[in-house]
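A short worksheet on the structure shown next.
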Number of protein chains: 2
Amino acid sequence: MAKKVVPETDRRRRKPTKQGVVLTEEMIVQTALRMLHEHGREGLTVRRLGVALGADPSTLYRYFRGTDDLTLAIADELIGRAMRGWEASGDWRADLRDVGLRIHTAYLNHPEAAVLTANRVSGRANEIATDEAILGILRSAGLPDPDAVRVYQAFIDLTLAFAALDAASLALPEAARAADEEVWRATYAQLSPETHPNIAATAPLLVARMNDSAYPTTLEMLLDSAAATLEAG
Amino acid sequence: MAKKVVPETDRRRRKPTKQGVVLTEEMIVQTALRMLHEHGREGLTVRRLGVALGADPSTLYRYFRGTDDLTLAIADELIGRAMRGWEASGDWRADLRDVGLRIHTAYLNHPEAAVLTANRVSGRANEIATDEAILGILRSAGLPDPDAVRVYQAFIDLTLAFAALDAASLALPEAARAADEEVWRATYAQLSPETHPNIAATAPLLVARMNDSAYPTTLEMLLDSAAATLEAG
DNA sequence: AAAAACCGTCAACCGTGTTGGCATAAGCTT
DNA sequence: AAGCTTATGCCAACACGGTTGACGGTTTTT
């Protein structure tokens with residue numbers, strides 16, 4: 001059992017691929033991300049990824065145990081991109097806001113990948129570093145550990161939850177996306193004031209807000225709450 | 001083109017299935033939900049659904065245009081279950097909290113279905129009724145329309161986002177779930193205080209909170225914020 | 001120089017969604 | 001009641017998905 005996958009560090013490259021490409025774990029992940037971006041969630045398959053890399057599909061199993069393992073690697077790359085270049089400023093509130101918006105933004109930049117990965121725990125380097133950073137911000141702001149952990153959890157869950165939700169609507173296959181919008185125009189906007197007075201009355205406002213994310217507002221609420229805890233403590 | 005699917009209302013049953021079953025759209029959705037529950041997200045396939053119903057897989061295409069269409073029907077059933085029996089009490093805050101918790105709970109009761117559907121707009125009856133109800137609560141509480149819409153959006157997004165996030169970890173295939181927990185034990189809990197002082201210091205607290213949802217807390221924050229808007233207005 | 005490890009390739013397996021043609025029973029018309 | 005129409009279930013087939021096991025050439029180690 002226990003499928004053998006040589007860890008990247010022990011890997012000493014041998015054969016170039018038939019098309020002359022020399023594979024790397026990193027190169028595979030980058031290519032997978034690009035394919036997700038260009039061809040949508042359904043567009044990333046082991047076989048197509050093989051073609052894109054100029055390698056046989058089965059080769060990928062030398063680098064990842066399977067689809068799930070590859071997914072986790074993508075997840076970590078996404079967080080890595082979000083946090084690249086980040087540094088603590090010392091202002092806990094600004095720092096936390098920055099981290100949250102970075103993650104949210106990075107996920108929305110790769111909606112298909114975000115949907116795939118937002119709820120997984122990769123345990124890889126970038127993810128761990130991010131968690132360490134968030135806890136560091138809260139603890140050095142002066143929150144006692146139990147509060148720090150509570151806020152940490154609310155913060156990371158809120159951020160990932162919204163990232164996933166907002167990404168999801170961007171990541172829908174074109175057909176489904178069109179279907180959803182069509183449903184809106186054909187159904188919600190047409191409801192009679194008699195049967196659905198509240199929707200009918202607010203329909204224009206609903207449409208106007210439809211494409212905005214509620215994340216920034218909600219994040220601010222969470223920061224307020226953390227600040228209150230800090231003052232009370 | 002425009003695949004022909006006879007709407008449920010116009011449907012006049014004709015042939016029973018080879019196994020003597022008489023199909024209904026509702027029966028199909030219920031069975032799909034049960035299969036998701038029993039066999040996990042990967043366990044629901046057109047073919048297996050066919051077997052479970054005692055019908056040929058292709059028969060399902062007489063009822064749904066395809067997998068996506070079936071997904072939307074499941075989504076609506078889920079919301080329907082959440083709101084079944086709900087009535088407004090007149091206390092906007094209690095009502096909103098109730099609706100939020102109902103949805104969150106219903107989704108967690110069917111995590112696999114929740115993951116599948118939380119980010120889709122079905123436009124079907126139950127979904128519309130729920131939106132109408134939420135807007136009704138906010139508007140009759142006295143919020144001006146623009147505020148009502150803003151709070152509505154934050155509320156529904158927050159609720160669905162957390163429902164999806166919390167459901168996701170419950171819905172992971174057993175293998176992935178075990179992998180995630182193993183990652184935790186093997187990685188996070190073992191980090192050295194030298195390299196990761198904040199995680200190391202709070203590890204026990206992190207573990208203790210890991211299985212709680214941050215939704216109720218966050219929802220209260222949102223309700224506070226709405227109350228503040230109401231008083232200011 | 002021989003042995004071992006690595007790793008790309010090939011062919012095959014089985015499961016998936018979906019489609020088009022066919023058969024047949026239910027309902028409608030008379 | 002007889003016949004016509006059509007809804008609807010079934011079958012066989014297709015293309016495509018992930019994954020595996022055997023093979024063989026290359027590089028590293030001994």
Side-chain angles (χ1 to χ4, degrees), chain A residues 1-25 27-28 31-32 35-36 39-72 74 116 173 175-176, chain B residues 1-25 27-28 31-32 35-36 39-72 74 116 173 175-176:
Chain A
M1 301 300 140
K3 289 294 155 52
K4 259 296 167 45
V5 171
V6 177
E8 186 71 7
T9 52
D10 302 10
R11 195 176 285 276
R12 291 159 297 188
R13 180 113 331 282
R14 310 291 175 94
K15 273 162 112 167
T17 200
K18 201 149 209 181
Q19 329 258 331
V21 188
V22 175
L23 296 178
T24 319
E25 184 173 312
M27 160 188 286
I28 297 176
T31 307
M35 292 191 64
L36 278 172
H39 304 105
R41 197 185 341 181
E42 317 286 295
L44 176 63
T45 72
V46 176
R47 295 177 125 98
R48 265 207 275 250
L49 185 51
V51 174
L53 286 163
D56 188 273
S58 63
T59 306
L60 299 174
Y61 289 82
R62 302 277 182 209
Y63 292 82
F64 300 97
R65 269 191 286 278
T67 317
D68 192 68
D69 200 23
L70 174 60
T71 302
L72 294 182
I74 294 175
L116 225 50
Chain B
M1 300 306 136
K3 291 295 159 50
K4 259 297 170 45
V5 170
V6 177
E8 185 72 6
T9 50
D10 301 12
R11 196 175 282 278
R12 291 160 298 186
R13 178 109 334 278
R14 309 292 177 92
K15 276 162 108 167
T17 201
K18 202 152 207 179
Q19 327 257 333
V21 189
V22 175
L23 297 177
T24 319
E25 186 173 310
M27 159 188 285
I28 296 176
T31 306
M35 293 190 64
L36 278 171
H39 303 105
R41 198 185 340 180
E42 317 286 294
L44 177 63
T45 71
V46 177
R47 296 177 124 96
R48 265 207 274 252
L49 185 50
V51 173
L53 286 163
D56 188 272
S58 64
T59 305
L60 300 174
Y61 290 82
R62 302 276 182 210
Y63 292 81
F64 301 97
R65 269 189 286 277
T67 318
D68 192 67
D69 200 23
L70 172 60
T71 302
L72 294 182
I74 294 175
L116 226 51

Provide, to the nearest angstrom, the distance between the [atom1] atom belonging to [X] and the [atom2] atom belonging to [N].
X: B:Leu44; N: C:dG17; atom1: CG; atom2: C1'; value: 12 Å
X: A:Arg62; N: D:dA22; atom1: CZ; atom2: P; value: 12 Å
X: B:Arg48; N: C:dC14; atom1: CZ; atom2: P; value: 16 Å
X: A:Leu49; N: D:dC16; atom1: CG; atom2: P; value: 17 Å
X: B:Glu42; N: D:dG18; atom1: CD; atom2: C1'; value: 11 Å
X: A:Tyr61; N: D:dA22; atom1: OH; atom2: P; value: 17 Å
X: A:Glu25; N: C:dC7; atom1: CD; atom2: C1'; value: 15 Å
X: A:Phe64; N: C:dC7; atom1: CZ; atom2: P; value: 13 Å

Side-chain atoms of A:Tyr63 come closest, of D:dG18, C:dG8, D:dT8, to C:dG8
Counting only side-chain heavy atoms from C-beta out, which of C:dG17, D:dC10, D:dT19 sits nearest to B:Ala55? D:dC10
Does D:dG9 have OP1 or OP2 sitting under 4.0 Å from an N or O in the side chain of B:Thr17? no
Tell me whether the OP1 or OP2 atom of C:dT16 has a side-chain N or O from B:Thr45 closer than 4.0 Å. yes
With A:Val21, which residues qualify under side-chain contact (heavy atoms from CB on, under 4.5 Å), at least two apart? A:Thr17, A:Gln19, A:Leu23, A:Met27
Looking at A:Leu60 and A:Val46, what are the two nearest heavy atoms and their distance? CD1-O, 3.7 Å
Scanning both residues in full, the closest heavy-atom pair of A:Glu25 with A:Phe64 reads CG-CZ, 3.5 Å
Using the test side-chain hydrogen bond (donor to acceptor under 3.5 Å, both in side chains), find all partners of B:Thr24 that sit at least two apart in sequence or belong to another chain. none
Going from CG on A:Leu36 to CD1 on A:Ile74, what distance comes out if it is rounded to the nearest 0.5 angstrom? 5.5 Å
So how far is it from B:Leu44 CG to B:Leu70 CG, rounded to the nearest 0.5 Å? 6.5 Å
Under 3.5 Å, which N/O atoms of the protein pair with N/O atoms of nucleotides 10-12 of chain C?
{"unit_1": "C:dC10", "atom_1": "OP1", "unit_2": "A:Lys18", "atom_2": "NZ", "d": "3.0"}
{"unit_1": "C:dC10", "atom_1": "N4", "unit_2": "A:Ser58", "atom_2": "OG", "d": "2.7"}

A:Arg48 side chain to A:Gly43 backbone, donor-acceptor under 3.5 Å: yes
